[in-house]
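Counting starts at 1 for both ligands and their atoms, following the listed order.
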Amino acid sequence: MAILKILQYPDEKLHTVAAPVGQVTDKIRTLINDMAETMYAAPGIGLAATQVDVHERVIVIDTSEARNDLLVLINPEIMASNGISDYEEGCLSVPGIYGKVQRAESVTIRALNAQGESFVLDADGLLAVCIQHEMDHLAGKVFIEYWSRLKQVRTLAKLKKKQRSTM
Ligand code: QAP
Ligand code: CO
């Protein structure tokens with residue numbers, strides 16, 4: 001297993017659109033293991049392959065309290081969504097920045113697991129928000145891009161200042 005480097009906003013590579021996984025091979029399973037290790041070490045509750053500069057449709061999530069319930073999503077698709085939630089989000093690619101994003105309150109998704117088997121999952125609450133946040137990464141979108149221009153400009157200035165002070 002290995003800890004992978006997480007791309008930091010505003011890295012342009014975070015805007016890459018990920019390609020579907022053709023076959024769930026050992027190479028994909030190694031990526032999943034490395035992404036899980038990277039997410040747990042961070043620590044975080046979700047990580048998309050885009051964030052580790054691999055542009056394939058792979059996500060790892062663990063929103064459990066005990067951090068022992070890894071959810072792997074390969075080629076995820078949203079089949080249905082309902083309601084509106086306004087959750088405070090963060091992102092391992094935008095450290096130290098938190099803010100609300102409006103999303104669906106519950107989603108039904110279909111995806112493949114690490115064995116390449118198709119499954120359907122109904123999610124709500126934090127898990128539903130996390131799934132939508134990570135699926136945005138696969139489409140090249142970062143959560144702060146839902147915010148107003150002004151709020152984005154201020155966030156960028158804050159990140160630049162922080163990056164200067166930690167060099
Ligand atoms: C996405 O984010 C998410 O700023 C996953 O300094 C987050 O794991 C979806 C993290 C919240 C829904 C709600 C962020 C760690 C972790 C930071 C994360 C930081 C250290 C973020
Ligand atoms: Co993120």
Side-chain angles (χ1 to χ4, degrees), residues 1-18 31-78 81-109 111 121-147 151-167:
M1 299 240 278
I3 301 223
L4 306 171
K5 201 178 137 243
I6 299 174
L7 296 176
Q8 300 294 303
Y9 193 86
D11 196 313
E12 270 306 313
K13 297 196 207 89
L14 286 169
H15 294 129
T16 311
V17 177
L31 170 66
I32 289 165
N33 287 337
D34 291 346
M35 284 173 61
E37 191 180 11
T38 305
M39 174 185 71
Y40 286 123
I45 60 170
L47 188 68
T50 308
Q51 293 176 273
V52 294
D53 207 12
V54 176
H55 302 288
E56 297 190 68
R57 295 185 59 81
V58 177
I59 289 168
V60 294
I61 291 176
D62 191 342
T63 55
S64 72
E65 205 78 42
R67 309 194 51 68
N68 59 1
D69 191 12
L70 183 69
L71 176 65
V72 174
L73 303 179
I74 300 168
N75 298 345
E77 291 172 70
I78 296 193
S81 56
N82 276 292
I84 297 172
S85 94
D86 210 5
Y87 229 94
E88 178 104 353
E89 301 186 12
C91 181
L92 289 170
S93 293
V94 200
I97 304 292
Y98 304 89
K100 285 189 173 177
V101 175
Q102 208 170 46
R103 299 188 188 273
E105 199 273 320
S106 66
V107 290
T108 302
I109 60 153
L121 174 72
D122 281 313
D124 61 12
L126 177 60
L127 179 58
V129 172
C130 197
I131 288 170
Q132 293 170 81
H133 175 116
E134 301 310 334
M135 284 184 70
D136 271 353
H137 277 303
L138 301 182
K141 184 151 181 168
V142 179
F143 79 117
I144 68 167
E145 290 161 0
Y146 285 97
W147 297 350
K151 195 166 172 194
Q152 283 186 54
V153 167
R154 286 177 174 160
T155 302
L156 208 49
K158 193 169 160 183
L159 281 171
K160 288 260 160 69
K161 193 174 166 188
K162 211 174 65 153
Q163 280 161 9
R164 271 203 307 275
S165 70
T166 53
M167 272 209 260

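Distances from atom 1 (C) of ligand 1 to the heavy atoms of His137, Gln51, Glu134, Glu89 show the closest one on Glu134.
A distance-only check finds no donor-acceptor pair linking the side chain of Asn82 to the backbone of Ala104 [under 3.5 Å]. Between the side chain of Thr38 and the main chain of Leu4, a donor-acceptor pair closer than 3.5 Å is present.
In the displayed structure, Glu88 atom CD is contacted under 6.0 Å by more than 12 heavy atoms of other residues, nucleotides or ligands. Environment of NZ in Lys158: sparse, with no more than 12 heavy atoms of neighbouring residues, nucleotides or ligands closer than 6.0 Å. Other residues, nucleotides and ligands contribute more than 12 heavy atoms inside 6.0 Å of the CZ atom of Arg67.
Counting heavy atoms closer than 4.0 Å to ligand 1, residue Pro43 contributes backbone atoms (N, CA, C, O) but none from C-beta onward. Within the 4.0 Å heavy-atom criterion, the part of Leu126 lying near ligand 1 is the side chain and not the backbone.
The side-chain tip of Lys141 points at the ring of Tyr146 from less than 6.0 angstrom away and within 45° of straight on.
Counting all heavy atoms, side chain and backbone alike, Lys151 lies closest to Thr155 at O-OG1, 2.7 Å.
Heavy-atom contacts of Gly44 reach the following atoms of ligand 1: 8 (O) (cutoff under 4.0 Å). Residue contact check: Tyr98 has heavy atoms under 4.0 Å from atoms 4 (O), 6 (O), 14 (C), 17 (C), 19 (C) of ligand 1. Below 4.0 Å from some heavy atom of Val129 lie the following atoms of ligand 1, by number and element: 12 (C). Near Gly90, meaning under 4.0 Å from any of its heavy atoms, are these atoms of ligand 1: 1 (C), 2 (O), 3 (C), 7 (C), 11 (C).
For the Co ion (ligand 2), the nearest N, O or S atom contributed by His137 is named NE2.
Summary of contacts: the protein heavy atom closest to atom 8 (O) of ligand 1 is Ile45 N, 2.8 Å. Of all protein heavy atoms, the one lying nearest to atom 9 (C) of ligand 1 is Cys130 CA, 3.8 Å. Nearest to atom 16 (C) of ligand 1 among the protein's heavy atoms is Leu92 CD2, 3.5 Å.
Checked against a 3.5 angstrom limit, the closest N/O atoms of His133 and ligand 1 fall outside it. Some N or O of Gly96 is nearer than 3.5 Å to an N or O of ligand 1, by distance alone.
Exactly one residue among Val142, Leu92, Leu7 makes a side-chain contact (heavy atoms from CB on, under 4.5 Å) with Gln51. That residue is Leu92. Checking each of Met135, His133, Glu134 against Ile131 for a side-chain contact (heavy atoms from CB on, under 4.5 Å) leaves exactly one that passes, namely Met135.
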